[in-house]
Amino acid sequence: MEFQYLIGSLGNTLVIWIGSVLFAAVLSVFVAAGRRSRFTVLRMLTRIWVALVRGLPPLVWMILLYFGVGFGWLGESPMFTTVVALGLINSAYFGDSIYAGLNSLPKGQWEALTALAVPKWQAYTRVIIPQAFPIIIASSTAYSISLVKNTAIGSIIAANELMFYGHNIVQAGANGLQVFFLIGLIYLALTIPLGMLARWIEGRSVIAAVR
Amino acid sequence: MTTAEGWCARMGTNTNGRDVLLAARGIQKSFGSRVVLDGIDLDLHAGEHVAIIGPSGGGKSTLIRCLNLLETPDEGEVLFNGESVWNSQEPPREAALRAHRIKVGMVFQSFNLFATHTALQNVSLAQVHTLKRSKAEADERSRELLGLVGLADHLDKHPSQLSGGQQQRVAIARALAMDPEVMLFDEPTSAIDPEMRIEVLAVMKDLAERGMAMIAVTHEFKFAEDFADRVIFLADSTIVEEGTPEEIFSNAQRERTRRFVAAVAGDI
């Protein structure tokens with residue numbers, strides 16, 4: 001009974017998760033590009049952005065966006081606000097993965113590309129990104145998994161996800177210990193297989209990187 | 001102006017009549033407070049083969065990297081065919097640098113092959129993206145060049161499947177694919193097992209015999225002796241002495257040169 005009710009919210013938890021991963025992935029490309037920019041101002045701005053995102057608790061971001069920025073269109077939908085908040089926060093972490101992945105290549109790869117006068121765009125798309133990609137994927141998978149757990153903070157602004165449903169039924173008189181134990185199991189049922197998937201991807205990317 | 005004056009005044013012509021292809025003037029370079037190159041002048045003539053020798057940290061690699069502007073000098077000028085490619089008075093022109101690097105091929109100590117590409121793809125990549133050759137045309141040229149360096153049977157192997165000597169030969173083919181007029185070699189055999197060095201040196205000698213203008217930073221005296229028209233001894237950020245291999249290896253004028261040659265040759 002309780003279980004069925006809780007499972008009903010699982011779809012929303014997954015929507016928040018996938019939505020924020022995708023949003024973060026798109027934004028992170030700009031974060032990484034900003035950090036590698038040859039313009040000092042752009043590099044500075046990106047660093048400030050990353051410091052800001054990392055320096056504030058996700059909960060504070062969530063509430064700021066909901067009540068501060070969001071009294072118009074954003075505040076209307078707690079689900080949407082949660083996706084935006086988590087996406088913004090993780091863009092900094094994903095951006096770091098991309099930045100670190102690109103920087104992890106031996107300097108000689110760039111030297112060879114420069115010596116052969118290969119244009120920047122082709123240098124990135126043909127040589128640099130194909131080599132950095134497995135490394136980037138491996139490190140962002142770890143962030144993506146912790147993001148599953150972070151969807152729970154959506155409950156603070158009443159996004160209809162798992163944690164919020166849990167609160168609801170406890171408020172309505174269900175046994176809190178039982179309910180949250182169950183919620184814990186459901187999260188584990190998500191994160192453990194994802195962790196296994198991540199290790200599998202990581203193993204494969206190591207092979208790809210060595211090849 | 002008489003014809004003779006006009007001839008001699010023409011930029012890029014030296015007394016023995018061979019054109020100066022690549023020239024460096026007053027190259028200064030420091031890393032932090034350490035002066036690595038202190039006012040180096042260097043001319044490379046068409047078809048000439050120059051070996052640069054000297055102790056580690058003496059500035060050999062930095063000098064050769066300055067010649068294709070992989071390293072930007074603090075002061076000085078780099079010229080190709082008498083035309084300024086880069087000088088410290090003007091802001092760098094990206095197009096001029098790229099055109100220069102196409103004409104000046106570079107081979108690195110650590111090969112620097114593209115790890116995710118096969119030997120053939122390594123040689124074809126810049127032909128397609130820098131020279132805008134068609135893929136078919138590029139691959140045909142790559143096969144020809146990889147054949148010339150003795151790797152016709154290894155076209156589809158990745159760098160990790162090749163020995164150091166084989167990787168370096170792919171790197172030479174990759175540089176030659178741009179049809180350069182000058183080839184620079186930065187300690188091309190230092191990272192290769194002694195037994196495998198021969199095959200790289202043989203390719204370089206073959207290239208020299210075909211008339212390619214070359215500069216090689218090397219520790220291989222025996223190779224330098226039969227490859228080079230001129231040997232430059234670079235130490236303490238400056239050109240201490242230069243001359244024919246005979247002059248430098250058997251009859252050096254400077255004590256510093258004699259000491260280095262004796263130490264490397266194992267006479268001490």
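Residue numbers begin at 1 in each chain, while the letters A, B, ... track the order of the sequences.
- Contact annotation for K132(B): only side-chain heavy atoms (C-beta onward) come within less than 4.5 Å of a heavy atom of chain A.
- For L105(A), no part lies under 4.5 angstrom from a heavy atom of chain B.
- Of all the listed residues (N68(B), V104(B), L113(B)), the one sharing the greatest number of non-hydrogen pairs under 4.5 Å with chain A is L113(B).
- A distance of 7.5 Å separates CG of L97(B) from OG1 of T72(B), quoted to the nearest 0.5 Å.
- Considering L44(B), L42(B), L22(B) as possible partners of V50(B), the one that fulfils the side-chain contact (heavy atoms from CB on, under 4.5 Å) test is L44(B).
- At a 4.5 Å heavy-atom cutoff, the contact between R174(B) and chain A is made by backbone and side-chain atoms alike.
- P106(A) does not touch chain B: none of its heavy atoms, backbone or side chain, sits under 4.5 Å away.
- Ion pairing between D43(B) and R25(B) holds under the 4.0 Å rule for side-chain N and carboxylate O.
- Between R141(B) and E144(B), at least one side-chain nitrogen of the basic residue sits less than 4.0 Å from a carboxylate oxygen of the acidic one, meeting the salt-bridge criterion.
- Looking at H129(B), both its backbone and its side chain come within 4.5 Å of chain A, counting heavy atoms on both sides.
- Within the 4.5 angstrom heavy-atom criterion, only side-chain atoms of F108(B), from C-beta onward, approach chain A.
- In this structure, W110(A) has its ring center closer than 6.0 angstrom to the ring center of Y124(A).
- With salt bridges taken as basic N to acidic carboxylate O contacts below 4.0 Å, one links E111(A) and R65(B).
- Relative orientation of the F227(B) and F223(B) rings is parallel, given thresholds of 30° and 60° on the angle between their planes.
- Using a distance-only test at 3.5 Å, with no hydrogens or angles considered, no donor-acceptor pair links the side chain of S9(A) to the main chain of N160(A).
- Using a 4.5 Å cut-off on side-chain heavy atoms (C-beta onward), S163(B) and E199(B) make contact.
- Interface residues of residues 177-193 of chain B toward chain A, defined by a heavy-atom distance below 4.5 Å and sorted by number: M178(B).
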